[in-house]
Amino acid sequence: MDEFDLIATYFAPLAEGYPGAHGLADDTALITPPNGRTVIVSADTLVAGVHFFDGAAPEQIAQKALRVNLSDMAAAGATPFAYTLALSLGKANRDEDWIASFARGLKADQKEFGIHLIGGDTTSTPGPLSISLTIFGEAGENGVLGRRGGQAGDAIWVSGTIGDATLALLTAGGKVDADEQDQDYLNGRLINPTPRVQFGKDLPGVATAAIDISDGLAADLGHICRQSGLGAEVMLDRIPLSPSAAKLTDQYPEVLETIVTGGDDYELLFTAPVEKETVVMTAGKSTATAVTKIGVMVGSGPPKFLDAHGELVKFEQTGFRHL
Ligand code: ADP
Ligand code: MG
């Protein structure tokens, strides 16, 4: 099969239902924003060996690529509707079975999240598989959220649980021992994150700033602090942990640093005025999303982490950086 057959067979069906995609038969796709609504755009690239294990299942790679992009839409409080896909296929990814499975993974998530493929590019590379996705979303009537906007005194909230993905890497690397069940759970959180799209849509008009946690709680809260011109205090014992992460933290107290500074959670981190607490809780309930208040926006500089006695805890790492 050549490139054009692959596109026609495996990718064009993923554009069905989006007229502006022209069945992936044109040079361009058309996006018509609904009356005056802002369109939000975001891009993320995943590289084999960097963002996922070389040789991971193609369905999983496809869904992770989509989900990390969906997570950016969630942080904006936007409703995603379309994406483009630039694929650089490595030697191991050029057979038809691989592409078919990859497209199956995309299809399942397109259905789950109500989005369509509208264009892209397909090339081969002597290097590792690289997937670059650009996603498009629509703002709701309360606009969009960003990293700036946090106010002094705002509560700091997170969705879900923190640290599972980074603990999966730690256990895979043999640094700590988890039983098989915990390891499976943590791996699932790393491989198949849950973008908080439905919950995120409820946040514009409620939250003042938001970000998705990709580089780690400390680093991503640092982005909110910098952009909002404020500092933050986080109570370490309030950070929500999954049962597997809590078990590991009991066993190896030093993993707390990994939990706070490791990445790949794709949970939402946001600030909201104290009086919005019940609205935040209601939004969490109505979208089946756990939400936890972990701190307060106060002072200036990088976020501070406090232990149960209110003592400052210093971490050596701040977060994940590619360069
Ligand atoms: P060009 O020669 O202009 O680069 P291509 O041959 O790359 O065009 O693409 C032909 C059509 O197929 C275009 O509509 C493009 O958007 C679509 N396309 C190519 N690769 C992909 C892909 N990986 N995912 C989605 N659409 C794709
Ligand atoms: Mg092209």
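Indexing begins at 1, ligand by ligand and atom by atom, following the structure's order.
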Pairing donors with acceptors under 3.5 angstrom, does anything connect the side chains of [X] and [Y]?
{"X": "Tyr266", "Y": "Asp264", "answer": "yes"}
{"X": "Thr161", "Y": "Ser242", "answer": "no"}
{"X": "Gln227", "Y": "Arg148", "answer": "yes"}
{"X": "Thr208", "Y": "Gln151", "answer": "no"}
{"X": "Thr79", "Y": "Glu138", "answer": "no"}

Notebook entry, point to check: Do Leu85 and ligand 1 have an N or O pair less than 3.5 Å apart?
Noted result: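 By distance alone, the answer is yes.
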Notebook entry, point to check: If you measure every N/O of Ile7 against every N/O of ligand 1, is any gap under 3.5 Å?
Noted result: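 No: no nitrogen or oxygen of Ile7 is under 3.5 Å from one in ligand 1.
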In ligand 1, which numbered atoms sit nearer than 4.0 Å to a non-hydrogen atom of [X]?
{"X": "Leu117", "value": "24 (N), 25 (C)"}
{"X": "Asp27", "value": "3 (O)"}
{"X": "Phe11", "value": "22 (C), 23 (N)"}
{"X": "Phe4", "value": "6 (O)"}

Next item on the list: Begin with the C-alpha distance, continue with both residues' side-chain angles, and end with the deciding distance and a verdict on salt bridge (charged side-chain N to carboxylate O under 4.0 Å, His left out) for Glu112 and Arg67.
Entry: CA-CA 11 Å; Glu112 176 160 355; Arg67 285 167 178 236; 3.6 Å; yes
Notebook entry, point to check: Looking only at non-hydrogen atoms, which of Thr122, Leu24, Asp26, Thr84 approaches atom 12 (O) of ligand 1 most closely?
Noted result: Leu24
